[in-house]
Undergrad: 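One structure is given below, represented as structure tokens, and several questions about it will come after.
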Amino acid sequence: MNAMQTKIAVVTGAGSGIGRAVAAELLRTGWSVALAGRRPEALAGTAALVPEGDSLAVRTDVSQPDDVAALFAAVRERFGRLDLLFNNAGTFGPGGVPVEELSYDAWRHVVDTNLNGAFLCAQAAYRQMKEQDPGGGRIINNGSISAHTPRPHSVAYTATKHALTGLTKSLSLDGRPYRIAVGQIDIGNAATDMTERMRSGVLQANGELAVEPVMDVADVARTVRHMAELPLEANVQFATVLATAMPYTGRG
């Protein structure tokens, strides 16, 4: 990708985990990337992974409409257009809490981050992509295999990831007239801080604890880049990328 072909991306949750890996992969391969997240020092750490890359760090809480508006305004001012939103920011919430003990505040925090934040960012990206010349662009939502098969004690996370699938389908339909392609990647057991507990044992559907295999997060990043670099006439609607031997397909 040479300078005449540089594409512009926004990656939310870019300070760690999957967001950091995807942002670094895009920067290494010639994209200009706006790094969005709540912790400026973590965003700086992501940018430092590819010091020659063209990055812009913007402190953003995706659950706050004013923060999201400021993020996309900064992208317009710096880059002039937007080709990709990787809608990645999310939280699992309090792990291992039975549904009857989950506080409303904890539920609301997960919903505000995973669902409302994804909507706010997608809406802002959609507006930009519809209005820019040439028009169009791509949105990739980070779903989860929990959108299909939940873990025990994950009601808030699972509910929001199911909702993200609906968001993806609706945006994909509504974006057709404007060359806005929308897809979703559902990820299982990428090796990040969030999945560190898999190495010591995680609760299974049968009530047992079991160590689960994980995969290199770089494999997720390459998959996202493949989806992102397709021509707008082609779209990966849903992709599932998971550790091959994890307990997902089959009786749990």
Side-chain angles (χ1 to χ4, degrees), residues 1-15 18-37 40 43 46-47 49-62 64-89 117-142 167-168 170-185 221-237:
M1 194 178 296
N2 61 41
M4 296 297 292
Q5 300 171 313
T6 298
K7 296 291 186 79
I8 313 302
V10 169
V11 176
T12 66
I18 291 167
R20 170 172 279 185
V22 168
E25 174 73 12
L26 293 174
L27 286 167
R28 276 193 291 265
T29 54
W31 288 69
S32 296
V33 182
L35 310 170
L43 299 179
T46 299
L49 295 175
V50 191
E52 72 279 11
D54 183 14
S55 63
L56 170 69
V58 184
R59 190 215 164 272
T60 309
D61 180 341
V62 297
Q64 300 300 312
D66 289 347
D67 278 17
V68 173
L71 166 64
F72 285 87
V75 172
R76 283 193 301 273
E77 180 177 352
R78 168 73 174 270
F79 300 115
R81 65 174 288 109
L82 176 64
D83 299 291
L84 171 69
L85 164 65
F86 181 45
N87 225 350
N88 166 73
F119 164 73
L120 290 169
C121 290
Q123 183 183 55
Y126 187 100
R127 287 170 174 160
Q128 171 71 18
M129 291 170 179
K130 181 180 175 182
E131 295 168 1
Q132 64 193 9
D133 184 22
R138 190 178 306 275
I139 299 170
I140 300 173
N141 293 323
N142 186 355
L167 181 70
T168 297
S170 291
L171 289 170
S172 184
L173 178 60
D174 292 344
R176 285 179 186 172
Y178 309 108
R179 299 185 75 243
I180 300 172
V182 185
Q184 179 170 314
I185 184 167
R222 284 190 290 268
T223 303
V224 172
R225 181 166 70 88
H226 169 70
M227 295 169 70
E229 292 184 347
L230 288 171
L232 292 178
E233 291 72 26
N235 187 41
V236 176
Q237 188 71 77

Undergrad: Thr60 side chain to Val58 main-chain N or O, any donor-acceptor pair under 3.5 Å?
TA: yes
Undergrad: Are Gln128 and Arg76 side-chain neighbours, meaning at least one heavy-atom pair lies under 4.5 Å?
TA: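 SC-SC contact between Gln128 and Arg76 confirmed.
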Undergrad: Is the backbone of Gly136 close enough, under 3.5 Å, to the side chain of Gln132 for a donor and an acceptor to pair up by distance?
TA: yes
Undergrad: Could you measure the distance from the CG atom of Leu82 to the NZ atom of Lys7? Nearest 0.5 Å is fine.
TA: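 Nearest 0.5 Å value for the CG-NZ distance: 11.0 Å.
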Undergrad: Keeping Glu233 on the side-chain end and Arg179 on the backbone end, is there a donor-acceptor pair under 3.5 Å?
TA: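 Pair absent, no side-chain N/O of Glu233 close to backbone of Arg179.
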Undergrad: Does the side chain of Trp31 reach to within under 4.5 Å of the side chain of Ile8, using non-hydrogen atoms?
TA: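 SC-SC contact between Trp31 and Ile8 ruled out.
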Undergrad: Please report the interatomic distance CG(Leu171) to OH(Tyr126), rounded to the nearest 0.5 Å.
TA: 7.5 Å
Undergrad: Looking at side-chain heavy atoms only, is the closest gap between Phe72 and Leu85 below 4.5 Å?
TA: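 Yes, side chains in contact.
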Undergrad: Kindly give the heavy-atom pair with the smallest separation between Ala24 and Leu49, and that separation in Å.
TA: CB-CD1, 4.3 Å
Undergrad: Are the side chain of Thr12 and the backbone of Ala36 linked by a donor-acceptor contact shorter than 3.5 Å?
TA: no
Undergrad: Looking only at non-hydrogen atoms, find the nearest pair between Asn235 and Ser172 and report the distance.
TA: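 Where Asn235 meets Ser172 most closely, the heavy atoms are ND2-OG, 4.4 Å.
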Undergrad: So which atom in Ala221 and which in Ala21 form the shortest heavy-atom distance, rounded to 0.1 Å?
TA: CB-O, 3.5 Å
Undergrad: Tell me whether Asp67 contacts the main-chain N or O of Asp61 through its side chain, where contact means a donor paired with an acceptor under 3.5 Å.
TA: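 Checked: pair present.
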Undergrad: Step by step, would you call Arg176 with Asp174 a salt bridge (Lys or Arg N to Asp or Glu O under 4.0 Å)?
TA: CA-CA 6 Å; Arg176 285 179 186 172; Asp174 292 344; over 6 Å; no
Undergrad: Under a 3.5 Å threshold, yes or no: a donor from one side chain and an acceptor from the other, between Thr168 and Asn141?
TA: yes
Undergrad: Please report the interatomic distance CG(Asn87) to CG(Leu167), rounded to the nearest 0.5 Å.
TA: 7.5 Å
Undergrad: Report yes or no: does Arg138 contribute a side-chain atom to a donor-acceptor pair with the main-chain N or O of Met227 at less than 3.5 Å?
TA: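 Present.
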Undergrad: Calculate, to the nearest 0.5 Å, the distance between atoms CD and CD belonging to Gln184 and Gln237 respectively.
TA: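 Going from the CD atom of Gln184 to the CD atom of Gln237 covers 8.5 Å.
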Undergrad: Let me confirm one number: the CG-CG distance from Leu120 to Asp66, rounded to the nearest 0.5 Å.
TA: 10.0 Å
Undergrad: Over all heavy atoms of both residues, which pair between Ala57 and Leu43 is shortest? Give the atoms and the distance, please.
TA: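 Between these two residues, the closest heavy atoms are CB-CB, 4.0 Å.
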Undergrad: Decide yes or no for Phe79 and Leu56: does some side-chain heavy atom of the first lie under 4.5 Å from some side-chain heavy atom of the second?
TA: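 The answer is yes, as the side chains (C-beta and beyond) meet within the 4.5 Å cut-off.
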Undergrad: Do Arg28 and Glu52 sit within salt-bridge range, that is, some charged N less than 4.0 Å from a carboxylate O?
TA: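 Looking at Arg28 and Glu52, the cut-off is not met.
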Undergrad: Using a 4.5 Å cut-off on heavy atoms from C-beta on, say whether the side chain of Val10 contacts that of Leu71.
TA: yes
Undergrad: Walk me through it: do Arg127 and Glu131 pass the test salt bridge (Lys or Arg N to Asp or Glu O under 4.0 Å)?
TA: CA-CA 6 Å; Arg127 287 170 174 160; Glu131 295 168 1; over 6 Å; no
Undergrad: If every non-hydrogen atom of Thr46 is compared with every non-hydrogen atom of Gly15, which pair is closest and at what distance?
TA: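 For Thr46 and Gly15, the tightest heavy-atom pair comes out as OG1-CA, 3.7 Å.
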Undergrad: Check Ser32 against Thr6 and note the closest heavy-atom contact, atom names and distance.
TA: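 Looking at all heavy atoms of both residues, the shortest contact is OG-CG2, 3.3 Å.
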Undergrad: Do Ile18 and Phe86 come within less than 4.5 Å of each other through their side chains, counting heavy atoms only?
TA: yes
Undergrad: With a 4.0 Å cut-off on N to O distance, would you call Asp133 and Arg81 a salt bridge?
TA: no
Undergrad: Report yes if some heavy atom in the side chain of Ile140 is under 4.5 Å from a heavy atom in the side chain of Ile185; otherwise report no.
TA: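 Yes; the side chains approach each other to less than 4.5 Å.
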Undergrad: Evaluate the side-chain proximity of Thr29 to Glu229: yes if any heavy-atom separation is below 4.5 Å, no if none is.
TA: yes
Undergrad: Counting only N and O atoms by type, is there a donor-acceptor contact under 3.5 Å from the side chain of Arg225 to the main-chain atoms of Leu26?
TA: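 Not a single qualifying donor-acceptor pair exists.
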Undergrad: In Å and rounded to the nearest 0.5 Å, what is the CE to CG distance from Met129 to Asp83?
TA: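 Answer rounded to 0.5 Å: 7.0 Å.
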